[in-house]
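What follows is a short report on a single structure.
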Protein chains: 2
Amino acid sequence: MADSGGPPSGESLLFLTDDQLRKAIEAMFFAYRGFTADPDRILAEKGYGRAHHRAVHFINRSPGTTVNNLLSILGVTKQSLNRVLRTLISDGLVESRIGKQDKRERHLFLTEPGETLERALSDAQRDRMRSAFRQAGPDAVSGFRQVLEAMMDADTARHYKRLKEGGT
Amino acid sequence: MADSGGPPSGESLLFLTDDQLRKAIEAMFFAYRGFTADPDRILAEKGYGRAHHRAVHFINRSPGTTVNNLLSILGVTKQSLNRVLRTLISDGLVESRIGKQDKRERHLFLTEPGETLERALSDAQRDRMRSAFRQAGPDAVSGFRQVLEAMMDADTARHYKRLKEGGT
DNA sequence: CTTGGAATGTCAACAAGGCTGACATAATGT
DNA sequence: ACATTATGTCAGCCTTGTTGACATTCCAAG
């Protein structure tokens, strides 16, 4: 089963031994920890968690987005999201406006302080990403993105592409 | 502030606009969800969580490792790890042997059923990784690994490299 | 040899943030 | 009128992180 060790077995274009795949899996695990480490520190200071970061990020990304929309992007239950939104709104980082066309909908926006927090978080994360890209070099960057896209679930990839292309 | 949109601004070898970095950040977030989705399903069936997966993975990786060693790799508190180990041991997936030299230490091993679970989990995760690599192509693979390594914390990278090179 | 500290691991209790289920309200669409 | 949709809320559960307290074992300095 595990044809590990030794050099590429040739023949396939992709010399993917179990051992190499395992290394990639571990790399993904460790890298994700680094990826979240900087924002986590900032969030901890302010008494927030990763869930708040995600909400703030995607509201900043698509100002005026609805709760439902956010739910489908984040892939959590509305109860979970609502708990986070409630604290963000009552802390004055997020504003929720009733929809004009459809008054059932709530459109979400970052307030001034909300944008400040978002910027602190994304600056930290971007700095690390930029430095990783610089170390790895230009060719590595496109490979990185291609593999990540291929690793997403189909539904998730749809969301990602939609965000990648269009704005809101 | 955000010089987003438009093609690479040239000049730097790495055309890294804020917009591109943000896309990479989102890709990382969505990809990690895909990365954990398959094992999560298997774990949920058996009543375990991601923490159990991590423990089983690294015990399989380095049989006979001590609790302390595992702790430094996983980066959680010993109490957290201990809870997970306790259930794995009482379910008969992991065996804990008191150290011969130092009787304070516990050396951890997978039992037969433990290895079976580990294989199910890593097969699922490897399958997705392999398919992502195939879709992305050989060049992408090395770029992917390079960026991930550059994204880790320094301490984490040490652990990763040690695991990558040596066996135990 | 004894004794104090360091290392290792265990138990208890708490918090964050997932989850399900039930239910309320308001607006929309048929 | 009635069913459906969008949202919010309460209650309760689970996993998994945290800190604090404590037991055991080892080792080294007196």
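Proteins get letters first, then strands, A, B, ... in listed order; numbering begins at 1 in each.
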Exercise. Are the side chain of B:T156 and the backbone N or O of A:F30 linked by a donor-acceptor pair below 3.5 Å?
Worked result: no
Seminar exercise, completed: Residues in residues 26-37 of chain B with a heavy atom under 4.0 Å of DNA chain D, by number, are none
For this session: Return yes if some donor-acceptor pair links the side-chain N/O of B:S72 with the main-chain N/O of B:N69 below 3.5 Å, else return no.
Result: yes
Problem set entry | SB check B:D153 A:R128 (cutoff 4.0 Å) | yes
Exercise. Rounded to whole angstroms, how far apart are CD1 on A:I98 and C1' on D:dA6?
Worked result: 12 Å
Seminar exercise, completed: Nt span of DNA chain C in reach of chain B heavy atoms at under 4.0 Å, 5' end first, is C:dA6 to C:dA12
Exercise. Relative to each other, are the rings of B:F144 and A:F144 parallel, tilted or perpendicular (30° and 60° limits)?
Worked result: parallel
Problem set entry | salt bridge (Lys or Arg N to Asp or Glu O under 4.0 Å) partners for A:R83, two or more places apart | none
Exercise. Please give, in whole Å, the distance from D:dT15 C1' to B:L74 CG?
Worked result: 16 Å
Polar pairs (N or O, both sides) under 3.5 Å between protein and nucleotides 23-27 of chain D?
unit_1, atom_1, unit_2, atom_2, d
D:dT25, O2, B:R104, NH1, 3.4
D:dC26, OP1, B:K103, N, 2.9

Exercise. What pairs with B:T77 under side chain to side chain contact (heavy atoms under 4.5 Å, CB included), at least two apart in sequence or on another chain?
Worked result: B:Q79, B:S80
For this session: Please list, chain by chain and in numerical order, all residues satisfying salt bridge (Lys or Arg N to Asp or Glu O under 4.0 Å) with A:E105, sequence neighbours excluded.
Result: none
Problem set entry | Of residues 77-92 of chain B, the positions that come close to DNA chain C - non-hydrogen atoms, cut-off under 4.0 Å | B:K78, B:Q79, B:N82, B:R86
Seminar exercise, completed: Residues at least two apart in sequence or cross-chain that pass side chain to side chain contact (heavy atoms under 4.5 Å, CB included) with A:Q101, listed by chain then number, are none
Exercise. Hey, are the side chains of B:L70 and B:I59 touching, using non-hydrogen atoms and a 4.5 Å cut-off?
Worked result: yes
Exercise. Would you say B:V94 and B:L110 make side-chain contact, with heavy atoms under 4.5 Å?
Worked result: yes
Exercise. In residues 45-53 of chain B, which residues come under 4.0 Å of DNA chain D by heavy atom?
Worked result: B:G47, B:G49, B:R50, B:A51, B:H52
Exercise. Under the salt bridge (Lys or Arg N to Asp or Glu O under 4.0 Å) test, which residues partner B:R22, sequence neighbours left out?
Worked result: B:D19
For this session: List for me each residue that meets side chain to side chain contact (heavy atoms under 4.5 Å, CB included) alongside A:H52, sequence neighbours excluded, and say none if there are none.
Result: A:Y48, A:V84, A:T87, A:L88
Exercise. Is any NZ, NE, NH1 or NH2 atom of the basic residue among A:R126 and B:D18 found under 4.0 Å from an Asp or Glu carboxylate oxygen of the other?
Worked result: yes
Problem set entry | Residue list, ring pair (Phe, Tyr, Trp, His ring centres under 6.0 Å) with A:Y160, at least two apart or on another chain | none
